[in-house]
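Structure record follows, encoded as structure tokens.
What you are looking at is a predicted structure, and each value in this text was computed from that prediction instead of being measured. Every chain is numbered from 1, with letters handed out A, B, ... down the list of sequences.
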Amino acid sequence: MFSRVLIANRGLIQANCVRAVKELGCRAITVYDPGDRQNTGVRNADESHELKVGNSRIPYEDIDQIVALAEQLQVDAVHPGYGFLAQNAVFRQRLQAKGIQLIAPGHAADVQLEDKPQLRRLARSLGLPVLPGSDTLTEVAELKAAAEKIGYPLMMKASQGYGGIGIRVIEREADIEPNYRQIKGQADRYLSRAEDVYLEKYLPGARHIEFPLARDQFGNLVIFPERECTIQRRFRKVVTETPSSCISSVMRGRLKTAVEILMNRLKISGFVSVEFLYDSASDQAYFLEINDYIQPSHSVSALHTGVDILREQVSIAARQRLTITQKDVEPRGVAMGVFIAAEDPEHGFVPSPGVIERLHLPYGDGVYSQTNVCSGDSVGTFYDPIIALVMAVESSRERALAKMTTALDGMHIDGIRSNIPLMRALMRYPDFVRSQYDARLISDGESRERIYENFRTREQSEIAALIAALSIQRDANNQNLLDQARRDSRSKIWDMASDLFSRQK
Amino acid sequence: MFSRVLIANRGLIQANCVRAVKELGCRAITVYDPGDRQNTGVRNADESHELKVGNSRIPYEDIDQIVALAEQLQVDAVHPGYGFLAQNAVFRQRLQAKGIQLIAPGHAADVQLEDKPQLRRLARSLGLPVLPGSDTLTEVAELKAAAEKIGYPLMMKASQGYGGIGIRVIEREADIEPNYRQIKGQADRYLSRAEDVYLEKYLPGARHIEFPLARDQFGNLVIFPERECTIQRRFRKVVTETPSSCISSVMRGRLKTAVEILMNRLKISGFVSVEFLYDSASDQAYFLEINDYIQPSHSVSALHTGVDILREQVSIAARQRLTITQKDVEPRGVAMGVFIAAEDPEHGFVPSPGVIERLHLPYGDGVYSQTNVCSGDSVGTFYDPIIALVMAVESSRERALAKMTTALDGMHIDGIRSNIPLMRALMRYPDFVRSQYDARLISDGESRERIYENFRTREQSEIAALIAALSIQRDANNQNLLDQARRDSRSKIWDMASDLFSRQK
Amino acid sequence: MKYQIKRADMRHNVDIDGKYDFIDESPVTVDKNSYQVRVLETDVNGALKVVMINRKIYHVSVRARADGFPEEVVLKGVPYRLEVEKIESTRYRPPPPPKSIPGDMLASMPGQVVTLLAQEGEQVEEGQSVLVLEAMKMENEILAPKSGKLVRVAVKEGELVMKGDPLFEVE
Amino acid sequence: MKYQIKRADMRHNVDIDGKYDFIDESPVTVDKNSYQVRVLETDVNGALKVVMINRKIYHVSVRARADGFPEEVVLKGVPYRLEVEKIESTRYRPPPPPKSIPGDMLASMPGQVVTLLAQEGEQVEEGQSVLVLEAMKMENEILAPKSGKLVRVAVKEGELVMKGDPLFEVE
């Protein structure tokens, strides 16, 4: 086992990594942006080091500083959490050069997990279905030619992209050049080879299914029940269900076999998830990618199976054997997770920074919530706007939905806007309830308005009108009082007015 | 199913009942003390009614007001939660007279669950072992005579007592009279027949084991894995483990059979738990009592088994069939729960009211926390000081302990004192780890000091000394600066001093 | 006073008696239904925060136009866009809705301008992306509020902007 | 300055250099170990709240006696009772520990007196229950702080008391 592990992240995943590393008996060392000193993980670590904030404003992405610190502190390993440097190949190499291990999956020497076109080729060679697409390209002319062959609509993706970075839908040839420029611009700040992109056929009606799995260095493999994460905004997962409600047990078996073949060929050691697109019209699934980092949704699988996924992940990286078997993760009921974000779905999911005046999380039998903020905390604009994860476990999807609906009705954040109302509306939307939807369900503006409209009852509309009228009425009333007071300053009306105002506060 | 249910409680159980009732499609109506308007359950209810606060200061115990409201609101049923009126026979009768059902277990007409001496006789007649004890007594002379026969030490208990109310350890004859007076005094405010007490042999070395179970009106019975709740303070449960670590599977089977016999004889319909004392020295268990209300610890069983216990409880009360079978609750790993209270274990568990400046709950794979307060909330003195429940689930007790230890290390409440440090120390205390302890472990002052001392390392002691010295040093330094400033008011020293002070803020 | 309020394709008639201050429970009629209303909490300016309607607690917020008239009510988090069409009162009249959409766009949050998608002087369509602003690690496309000529672009690629900074203007 | 501090049956020698203000990381020696110390947060009176020691964050609170000298340090929630025995400095001396235990008992929380267990004028032993105060639905036995004569009982059964109200006095 490691003796000293550096956790280079913030928020919930930082606290969870500190916890897992301590449970394994290692020393948990972490870093923090000065604004994050109150974070739970910082308080709980055995050592905490303040990062200097440079021009980028995001010190958690400061490779030079973190590698230097890791070396100086003589850590054995670095846990990158998710986002930030979790999939940064340069970071991994720089640490390796100092003899420090990045906690990320090991694999056969002849593949690079971050090179998605290479993985697509490999998967196809193993007999897995992949979507029509291109190899890595860097020229607009080549992209246009390849697109012609694949056919529109299609996706343009940064070859090393992850977490929604460098990914665009292309409807027609004219979109290729501006989108390539935009992807390159964005990728430049996150990826080492920003100019590399590839094309892939776009299946707008498809569902996203991923199989999380753990495989140790001795080849022991445990495949967890698949997670469905079709509900996304800006290519980021918002709702997770496990197991998926759209695939048959035959398809499930087929995909598990495909995952097993792929993992054994890649000689993966660590925790990854293998993602597929599933087209229900043709009952056909396509290999999409391998997520080679611990995902935020792993918490839903942890609740569902009772397995401490983070601890297994660190333990595998330290060349230990898996402590679980396939039998330990057999599905038991349905688990669902909803990520709550400080963003405004009414206005294209723009971040909604501000002060959380009060935060009520839902709790109860089968309802478990996790957060990294407190009432009184500010939500800034520099970091991911996810502030909580609400989870429900139940014996069936129908019951899990009922439970999640009531849970979300019971969650309140005063002070900032969030996606809670949209999520409440989604849980009641017939297409979602019947499991007949695709990735556009909440990302498309018109579809989103339909979800809201379904949620707006006649009674609620009347009450909204009442509130609007009441709001004017009270303004008018106050005005009356003040007008009268000015006319007759010897009367008692000033007292009445000030009394009224003070009672309102 | 009911159509309108009144929830007459506050805090976590109020919110959980509102949730369960709504999931069942009923209208959730609740009441609140004016100071509790921000409670999650109040915000989430379909209707909320403010209670008038009378002289007692605890409107949730105001039978007249709540019964009148229940009638006026035409509810079908009242959920009492736990504490307050949950076991109040008068409340139940008053509601019954209005045709309103109290959500509490139904039973055979010839028994009264709140009459503990009667239950003891019945259990004995069914072949269950019960401790030597007396019937209900009301005279000091009778108590002395009965005590002589049973032998000291013994327990004096109010016949209708619950939740730690009216319960005392008696070491010698001289203690009988003052303790009877005290029990009567306390019981007078909570129980209808305050003068009724009984005696029971006291087994200081015993463990507390309870079997939660659900039985519907059709006789379907599901017995949940037993909970151990030996760790108590003031006869209230602080730590819950399920299953228990001290009984053999033979003993477990024997006790489950006893529970089944007793439940079928009593024709229980509803959710109860049957409590036993287990004496490990003699490997003998004794029937203690039936807890005929939903217990705070039910959340640990809900997490462990995935069953929505509250929903089943309401559903059975509405004469529905159980939706689970014995197979659904087979033990899977170990779950543990620790109740966090705003009280000061260093000073005899006195309540520690105040403002919670900041509350960090632990979360992570297998770590789930629930609370009914937010940062910024005040903890008052009128209600139960429990403010959070921290739970851990794992594959073994050893791992659950490691997880709970790390979880508690990661929990912080700034602003008030709590039992967190004691709980952290307990999780590391060898006798607790080896499962060799009894109910005195934290309630006894000397034992508690041993637990703390085991937790105080040499390094921590040095750091405490460092902090004490640093605290004086800084006072002295500030004093120096001010002294010098007074001597030479033309120097720059005032600026230095004010600079120093402002940097400290 | 009587209010007529339009919400999507519905019109609601709200009748509020001027003599109540709503600190105690008081009736309000909306269309054919009567609601018992009590104001539980307002902010320091007297704006509604918590209202109890038929015994149910609603946390609300009302967003007003520049002239002070409500244009959006958020009810338990769900936004309802609405318009006050008529007020029957001798003293108060709703002002006419604003005639033209303003063409200048201000930053609604702090962030970094990562891409300019249109040049000063270009003709843009309503809803067309003019620039991309990154905040909270996410790209936000800032759209033209109406069709017209992009008369001014106030920012450069890579520039950091604060909330309220001007971004561009369409005429 | 050098401090000698007694904690349970241990004595710690703490050496703190007067030239640091501990806003930057600075060394302190305790017994044979050197600790790097930095003060991260104090309250408005300058009392220590958050201290980083060897890169670990400690939320602390220091409880002082009436004369201002610390008697308890709470470290991550765990209380350490201690006594400052000696300060080597030309200017500062610890005051002598208080000679006698005060015999008057004040209510440490608001509550209701439910039972009086001893009468005025009675002889009581240190640690004997004098009365029962109920708060937060729990009974708290209030013990005699020392042995002696119960010269005054300031409350009656059933009486409500506020924090700081006198309960009784032992002489």
Notebook entry, point to check: Do B:Asp377 and A:Arg358 meet the salt-bridge criterion of a basic N to acidic O distance under 4.0 Å?
Noted result: yes

Item checked: Region of B:Thr323 that comes under 4.5 Å of a non-hydrogen atom in chain A -> side chain

Check: Where is the tightest heavy-atom contact between B:Cys374 and A:Ser375, given as atom of each residue plus distance?
Finding: CB-OG, 3.4 Å

Next item on the list: Indicate yes or no for a side-chain donor-acceptor contact from B:Asn16 to the backbone of A:Gly364 under 3.5 Å, with no hydrogens or angles considered.
Entry: no

Item checked: A:Gln370 versus B:Val367, closest heavy-atom pair with distance -> NE2-O, 3.9 Å

Item checked: Part of B:Gln38 within contact of chain A (heavy atom distance under 4.5 Å) -> both

Item checked: Test item: side-chain donor near acceptor, B:His360 and A:Asn39, under 3.5 Å -> no

Note to self: Keeping A:Asp365 on the side-chain end and B:Ala302 on the backbone end, is there a donor-acceptor pair under 3.5 Å?
What the structure shows: no

Note to self: At a 4.5 Å cut-off on heavy atoms, which part of B:Leu12 comes close to chain A: side chain, backbone, both, or neither?
What the structure shows: side chain

Next item on the list: Could you look at B:Leu303 and say if it's the side chain, the backbone, both or neither that has a heavy atom under 4.5 Å from chain A?
Entry: both

Next item on the list: Looking only at non-hydrogen atoms, find the nearest pair between B:Met391 and A:Tyr368 and report the distance.
Entry: CE-CE2, 4.0 Å

Next item on the list: For chain B, find its close neighbours in residues 40-48 of chain A: heavy-atom separation under 4.5 Å, sorted by number, or none.
Entry: A:Thr40, A:Arg43, A:Asn44

